[in-house]
> 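Here it is, the structure, as structure tokens.
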Amino acid sequence: MFSLGLRVSCTFLHCTIRHYSANACLLPLCQLHGAAVTTVEGIGSSKTRIHPVQERIAKAHGSQCGFCTPGMVMSMYTLLRNKLQPSMDDITQALAGNLCRCTGYRPIVDGCRTFCQETNCCQANGVGNCCLSGEVNTEEPEQEKPQLFDKNDFLPLDPTQELIFPPELILMAETASPQTLTFQGERMTWMSPASLEELVQMKTSNPKAPLVMGNTNIGPDIKFKGVLHPLIISPTQVKELFEVTQTPQGVWVGAGCSLSEVQSLLEKLVIQFSEEKTELFKALIHQLRNLGSQQIRNVASLGGNIMSAYPNSDLNPVLAAGSCKVSVISNAGRREVPLNQDFFVSFGKTILKPEEIAVAVFIPFSRKGEFVRAFRQAPRKESSFATVTTGMRVFFSEGSRVVQDVSIYYGGMGPTTVSAAKTCAALINRSKPWDDENLSRAYDILLDELALPPSAPGGKVDFRRSLTLSFLFKFNLEVLQKLREMVGCVKKYSLSVSNVNVYMTHNVTLLLFQHVSNNQSNLDPVGRPIMHRSAISHATGEAVYCDDIPKTDGELFLAPVTSSRAHAKIVGLDVSEALQLPGVVDVITAEDIPGKKVRPFGGYTEELLAATEVSCIGQLLCAVVADTRAHAKRGASAVKISYEDLPEPAIEKLSFFEPRRVLEKGNVTEAFKSVDRVYEGEIRLGGQEHFYMETQSVLVVPVSEEKEFNIYISTQAPIFPFYKYFPINTDHIAETLNIPSNRVTCHVRRIGGAFGGKVTKTAILASITAVAALKTSQAVRCILDRGDDMLISGARHPVLGKYKVGFMNDGRILAADVQYYANAGNTVDESVLVAEKIVLHMDNAYNIPNLRGRAAACRTNLPSNTAFRGFGVPQSIMVVENMLNDVAMVLGRPADQIREINMYKGQSVTHYKFEFCPENLLRCWDECKLKSDYSARCKTVDQFNQQNRWKKRGISIIPIKYGIAFTDSFLNQAAALVHIYKDGSVLVTHGGTEMGQGIHTKMQQVASRELHIPPSKIYISDTSTNTVPNTCPSAASFGTDANGMAVKNACQILYQRLEPIRQKNPKGSWESWVNAAFFEKMSLSATGFYRGPDLYIDWDKMEGEPYAYFTFGACCSEVELDCLTGDYRTVRTDIVVDIGRSVNPSVDIGQIEGAFMQGLGLYTLEELKFSPSGLLYTRGPSQYKIPAVCDVPLQFNVYLLPDTYNPHAIYSSKGIGEPVLFLGSSVFFAIKDAVAAARSESGLVGPFSLDSPATPERACLACASPFTQKIPASKPGSFKPWALNI
């Protein structure tokens, strides 16, 4: 699973048992000798008893798809084993290394908060205002509020019931003398020496063998880069590497000590010694707190961090600035090496000889008059490599401002940790004191000294150079503050420049939803916050995903081979070397496909396996089949492809997938002639990786006769004819194998997240895997690594939006002409459909009388993009909202006023002539302004900005009008099969797939209501094409609408069929009625069907009814921005959504929060970076950052609009899976508001460019501070950029 609980007896540092969380994917099994390993299955099970952590996360609705839940459980479990009553800060630190793509984290934190020492606080329940927020809600008495969960129902945490540390391991640690351990693998040997002397001998004999302590450096190289080390030395038994020795000058810390142990040691020393002696210790603690995650710090070692010599290391600049040194040993003896500019010689290399071993690191006490500070900026606040990091130290003569010594080191400014030696020399001026004049010269020297070429690896050159100045400025202000305290007579400065607080001291939540009717039966679960039906299984690790299915005899593994060129002819495919490798069984090429070798889509075709030409890096060429995953991957890397490059890639050319779509109402051209003002602008929106927790997964099992196949697959669409031309999965596999569809059965138990990314590409991978199974007559499994998944499967479409808008001086927009260019990639996939939805939603909430929208899907030589939650709507509306924002800035008026003036009012008609009532849209808007106290907070934000120069706050409120259902009417149908068994139990199967959205839970609620039986009698089977054929995809926020009606139909048929039995025995039980029906020869099985609404759009007439109804919402967000670094924190978010009458408020609120956080990632954080040749750089969690716990708004309130109804969906509910994602843009526009406040300090007013995502880089540069303005601009075209701007 994602993480594990590691419990060890630290015999070298302490004689107590400690518990550590760790990443199972990084920690080698060889390293766990003498440790007790506890996984999620070990702490509790539904078969025995579940652990309180498992129960609380599940019952607090902290599990949706469930794939990340075991990791969350183990992180919290480990914390509680070490600290029975943790603080909220402890909890957020413990969860910082865990990622979730579904929930938005709030329910996970809420469940964990019940263990918190502040648990009596009113926020510990799942709902309600918090006494800490200073707010009181007078609308409804606290006891009458519906709650998502009740903490009084939870099992108590009883430490006496926890697993004990195995006594035999304690005895072994206390009595057994260390012995050399050797583990021999197929190609690698792992050795663990028992003493320092033996370690020195091993390293002398094998100088190239790496030393591995935490495996956080070597491990990823082996796993992801294919690096082979024949011998690995693990010195975890060498006690000298873990010793801590204190001297009058400082402390020697063993190089083998984990970073967690170093942090704990330094925190104790800070308490023990005076403030003036612990300056360096505090700077190191500051960096350690944000270095990696708790799981990483638990295993990564201090020595390993230094010796890896990463150029953007968090610790090395601080250690170097602090005059630390390393004690090393070899056969030649011991020596001490200073950590200075000479220590780091090149990327990943130090001055130490190959045979030398770092034994200890000396960290000195600071002196009186000495100040040390550390700063860092990273793409994400936690668990992220730093963009730029620095350590700075200055030493003053006692009682004066005269500088005796300065040391400044930076990380992220070159291939090594670099010293700003010239800048330091300029600052050491014994004739002049430390002051602004002296520093102003230092900025110019620093800028020249740390020059980066515009094409430097890692990109962000202007930002990185700006950060070096900003950090020095921050250091200056903090030093001036210290001098004022120490010496006096120093001007008092506003010191509001410290980093924006990234820790959630209190994650306050307020969740309001409707009561069920007083007349509703207590047995009727509809409208109640029912726990996800698989939540307990998720939390205990018992939930089975595709790769959890036990391996069958003879099963093989498939690894794809992909193109390394963006546009080239294939002139050679040599598989001979791969076939000779151990375990490799076969190589599947296009020639092996017995049926159709291409898939059709909208008039275009896509090859399953490219045979003659490639059009992007990552295109599938062939696949290697072997007996293990490792052998298959090794075989794939051995396949040799020869290419002949073709001319200029299409990315630079004008090339579109047809048709291009246009919608227009009014006369846009004439309207522009009658407006007061015209403004033209544009915005670029980057793509977004799905980053579902479970990567693309398929298992194909051939049945022994008549070419029959069982497919176990992680897909949103087991079978359906998409867009009339494109068969998915079952049909696609059958066509590929040239067999009838009735020989292929697709099974989907559950999916570990999908978000639109498990439809088209999944079908291709499943078809290739099926070909392998057919050819080898064995079961074949294909589970993509994260890097391959991101390379192959596509992402959200990047979009360039250009607009021309005409408006009056009072803010009314009379005309708008908007052009959208979506980057489709190398194949059409669903890009034309995305372009259609872009223009259909471009009006959002606004009635613009003359409106024209044009959208084109651009063909490029990048991996084909595909469906993603929102399907073009988040890009479409973002362009329009940015346009309105620009109108507001041109007029100098608040953006919310411009939005209100132009909103739909009264009975309205869209730009495609569809009538609707915007009443609930306006209610959401007004309610959001009221609940968020918008007007008062705008004034507070203005006041804050007037009082702070380098920190700014921004606030924004954004509406959404989102159409629900498929525009292609045939996709809105659904079917279900319901069986009643003689004992009264019910089996329900339907066409929807469970991917975290809770569709199975809702179907259980529907069946319970219609059959008038408790949910416990109803079981939801896996989605399978042999029970419900011809299913439509679980997508478009329409899964519950369609499948719910089908299940309802089937249950009503059965319940009506039992009516004569009930009339004969009205006082009988459900079981007696069912039993009687059986003996009366009544069928207790029924198929339900829902035809769905007849929707359409006539593109020639530019009119239609493409959606069944609209889901409305509004969101207000406030941020605090550090203008010097671009770091921001979402202070508060309030969301109001009209979802009709919720079938399950806990599920729907979870969908709202998860979608918002995914939108926050899209608009402020997540970046896909491609090289100029088309290679995706960001292939994994270390390069690609999705929101983490640290990104959750400090106050996160969700309100379901009360007293609303929807006659177009089941039980008057509304689809909610996609709409709220766009509301994450409220954070983008709040950042833009804060940036505008910063720009005004430099005299810059009016519209300005800020592309999405509004990363710290873009926000910082847009602020146009004096430091960013110092950076000389590089001439476009004079250099080759490190990454493309897509």
Side-chain angles (χ1 to χ4, degrees), residues 563 590 593 595-616 618-620 650 655-661 687 690 696 698 713 715-738 741 744 746 754 756-768 770-771 792-797 822-840 855-868 871-872 966-971 1030-1036 1097 1099:
S563 167
I593 300 174
K596 292 185 178 180
K597 302 180 190 300
V598 299
R599 66 166 190 174
F601 204 137
Y604 296 89
T605 60
E606 179 178 355
E607 292 179 293
L608 299 184
L609 294 170
T612 60
E613 184 178 316
V614 296
S615 52
C616 77
Q619 188 169 353
L620 295 168
S655 180
F656 303 107
F657 290 112
E658 301 293 345
R660 287 174 268 180
R661 295 305 190 189
H690 301 87
Q696 299 279 353
V698 59
I713 188 170
T715 181
Q716 297 171 243
I719 174 174
F720 81 99
F722 195 91
Y723 201 53
K724 304 176 187 177
Y725 309 109
F726 175 32
I728 293 288
N729 291 324
T730 298
D731 285 348
H732 196 357
I733 292 168
E735 288 187 352
T736 303
L737 300 181
N738 198 25
S741 291
V744 180
C746 237
K758 292 182 176 176
V759 182
T760 57
K761 290 297 188 294
T762 311
I764 291 178
L765 287 166
S767 297
I768 296 169
V771 171
I792 294 168
S793 63
R796 187 187 298 279
H797 292 71
N823 190 325
N826 68 320
T827 63
V828 67
D829 201 272
E830 300 181 63
S831 299
V832 172
L833 306 182
V834 169
E836 291 179 358
K837 201 159 185 177
I838 283 176
V839 292
L840 285 169
C858 306
R859 185 200 300 260
T860 63
N861 289 109
L862 294 175
S864 180
N865 290 309
T866 188
F868 198 139
F871 208 75
F966 291 97
T967 303
D968 286 303
S969 187
F970 70 95
L971 293 175
N1030 310 318
T1031 65
C1032 291
S1034 295
I1097 182 71
W1099 291 103

> Tell me whether Gln716 contacts the main-chain N or O of Val759 through its side chain, where contact means a donor paired with an acceptor under 3.5 Å.
no
> For residues Asn826 and Phe657, report the shortest heavy-atom separation together with the two atoms involved.
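Of all heavy-atom pairs spanning Asn826 and Phe657, the closest is O-CZ, 3.9 Å.
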> Could you tell me whether the side chain of Ile764 reaches within less than 4.5 Å of the side chain of Glu606, counting heavy atoms only?
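Glu606 vs Ile764: side chains touch.
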> Regarding Thr866 and Thr760, do their side chains bring together a donor and an acceptor under 3.5 Å, going by distance alone?
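Per modelled atom types, Thr866 and Thr760 side chains form a pair under 3.5 Å.
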> Answer yes or no: is there a side-chain heavy-atom contact under 4.5 Å between Ser831 and Arg859?
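In short, these two side chains do not touch, never coming nearer than 4.5 Å.
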> Could you tell me the separation between the OH atom of Tyr604 and the CD atom of Glu658, rounded to the nearest 0.5 Å?
5.5 Å
> Only one of Thr736, Asp829, Thr605 clears side chain to side chain donor-acceptor pair (under 3.5 Å) with Arg599; which?
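It is Asp829; the other options fail the test.
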> Would you give the length of the straight line joining atom CD of Gln619 to atom OG of Ser563, rounded to the nearest 0.5 angstrom?
6.5 Å
> Rounded at 0.5 Å granularity, tell me how far CG in Leu609 sits from CD1 in Ile593.
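Answer for the CG-CD1 pair, Leu609 versus Ile593, is 5.0 Å.
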> Report yes if the side chains of Cys858 and Asn823 come closer than 4.5 Å at any heavy-atom pair, otherwise no.
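No; the side chains remain at least 4.5 Å from each other.
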> Does the Lys597 side chain pair with the main chain of Ala590, one donor and one acceptor, at a distance under 3.5 Å?
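Yes; judged by distance alone, with no hydrogens or angles, the pair exists.
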> Would you name the heavy atoms of Ala855 and Val839 that are closest together and state the gap between them?
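Heavy atoms of Ala855 and Val839 come nearest at CB-CG1, 3.5 Å.
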> With no hydrogens and no angle check, is any side-chain donor or acceptor of Glu836 less than 3.5 Å from a backbone partner on Ile838?
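Such a contact is absent between Glu836 side chain and Ile838 backbone.
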> Please round to the nearest 0.5 Å and tell me the distance separating atom NE2 of His732 and atom CG of Leu608.
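Reported to 0.5 Å precision, the distance equals 5.0 Å.
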> I need the Leu620 CG to Leu765 CG distance, nearest 0.5 Å.
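Leu620 CG to Leu765 CG: 6.0 Å, rounded to 0.5 Å.
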> Applying the side chain to side chain contact (heavy atoms under 4.5 Å, CB included) criterion to Phe601, which one of Val832, Thr827, Val828 satisfies it?
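The passing option is Val828.
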> Do you know which of Thr860, Asn861, Leu862 makes side chain to side chain contact (heavy atoms under 4.5 Å, CB included) with Ser615?
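For Ser615, the side chain to side chain contact (heavy atoms under 4.5 Å, CB included) check succeeds only for Asn861.
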> Report the distance from atom CG of Leu737 to atom OG of Ser767, rounding to the nearest 0.5 Å.
7.5 Å
> Report, as yes or no, whether the 6.0 Å neighbourhood of atom NZ on Lys596 holds more than 12 heavy atoms from other residues, nucleotides or ligands.
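12 or below, so no.
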> Indicate the atoms forming the closest heavy-atom contact of Lys761 with Ser793, along with that distance.
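Taking every non-hydrogen atom into account, CG-O, 3.4 Å.
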> Give the intermediate values and the outcome of side chain to side chain contact (heavy atoms under 4.5 Å, CB included) for residues Leu833 and Phe966.
CA-CA 10 Å; Leu833 306 182; Phe966 291 97; over 6 Å; no
> Kindly say whether Gly757 contributes a backbone atom to a donor-acceptor pair with the side chain of Gln696 at under 3.5 angstrom?
yes
> Describe, in one word, how the ring planes of Phe868 and His690 are oriented to each other, choosing from parallel (under 30°), tilted (30 to 60°) and perpendicular (over 60°).
parallel
> Which heavy atom in Cys746 sits nearest to a heavy atom in Pro718, and how many Å separate them?
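Heavy atoms of Cys746 and Pro718 come nearest at SG-O, 3.8 Å.
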> Testing the basics here: between Leu971 and Pro1033, what is the closest heavy-atom pair and its distance to 0.1 Å?
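In terms of heavy atoms, the two residues are closest at CD2-CD, 4.3 Å.
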